[in-house]
Amino acid sequence: MADMEELREMLIWLKPDAVHTAFTRQTRLAEDLRLTACDGLGLVAMIEARYGRTLGWEQELATLGDLLDYLAAQGIGAEAPDI
């Protein structure tokens, strides 16, 4: 089940400079983490590989909370405290 810790590990792998970032549900993917479109594709690939599913990604996701909510709606999410 996806949780904030798993996403944090994926994001740190993508953006090693984010290791000192305080990740919360309000953390903005583009503005706070500076994810590029290429980084976003990498994150999608990691999520889909981790859970063995191809997802639609139909909606725009602006924050980590949006991403967690989307994953939960797809049946692969779990809420975790902010880290």
Side-chain angles (χ1 to χ4, degrees):
M1 303 270 293
D3 63 26
M4 186 70 79
E5 180 60 29
E6 286 181 320
L7 290 179
R8 179 181 186 276
E9 291 172 9
M10 290 178 196
L11 289 165
I12 288 173
W13 189 87
L14 279 172
K15 303 292 271 190
D17 56 319
V19 73
H20 299 293
T21 301
F23 291 84
T24 69
R25 288 185 56 84
Q26 291 74 37
T27 301
R28 296 169 298 172
L29 300 171
E31 296 86 352
D32 298 334
L33 297 177
R34 301 185 196 284
L35 293 185
T36 65
C38 189
D39 295 329
L41 290 174
L43 183 59
V44 164
M46 285 193 287
I47 290 169
E48 290 182 348
R50 168 69 176 95
Y51 299 104
R53 293 185 49 196
T54 300
L55 303 171
W57 304 104
E58 303 87 16
Q59 65 190 70
E60 185 174 333
L61 306 171
T63 66
L64 285 176
D66 293 343
L67 179 54
L68 286 170
D69 292 345
Y70 175 75
L71 293 173
Q74 301 302 310
I76 56 173
E79 216 24 65
D82 293 339
I83 52 174

Exercise for review: Indicate if M46 and L41 have the same hydrophobic cluster label, given that clusters are the connected sets of ILVMFWY residues with side-chain heavy-atom separations under 4.5 angstrom.
Suggested key: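 Per the 4.5 Å side-chain linkage, M46 and L41 are not co-clustered.
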Practice item. Evaluate whether atom CD of E31 has more than 12 neighbouring non-hydrogen atoms of other residues, nucleotides or ligands under 6.0 angstrom away. Key: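 Atom CD in E31 is packed in, count exceeds 12.
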Are [X] and [Y] side-chain neighbours, meaning at least one heavy-atom pair lies under 4.5 Å?
X	Y	result
L11	L64	yes
R34	D17	no
L43	L67	yes
R25	T63	no

Exercise for review: With sequence neighbours excluded, tell me which residues meet side-chain contact (heavy atoms from CB on, under 4.5 Å) with L55.
Suggested key: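 Only I47, E48, R53, W57, Y70, L71, Q74, I76 meet the side-chain contact (heavy atoms from CB on, under 4.5 Å) criterion with L55.
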Check your understanding: Got a second to check how far R28's CZ is from Q26's CD, nearest 0.5 Å?
Key ->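 Going from the CZ atom of R28 to the CD atom of Q26 covers 10.5 Å.
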Review point. Just by distance, do the side chain of K15 and the backbone of L35 share a donor-acceptor pair under 3.5 Å?
Key: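 Such a contact is absent between K15 side chain and L35 backbone.
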Exercise for review: Please answer whether the main-chain N or O of D66 pairs with a side-chain N or O of D69 as donor and acceptor at a distance below 3.5 Å.
Suggested key: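 Looks like no, no N/O pair under 3.5 Å.
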Check your understanding: How far apart are the closest heavy atoms of L29 and L33, and which atoms are they?
Key ->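 Taking L29 first and L33 second, the nearest heavy atoms are O-CB, 3.3 Å.
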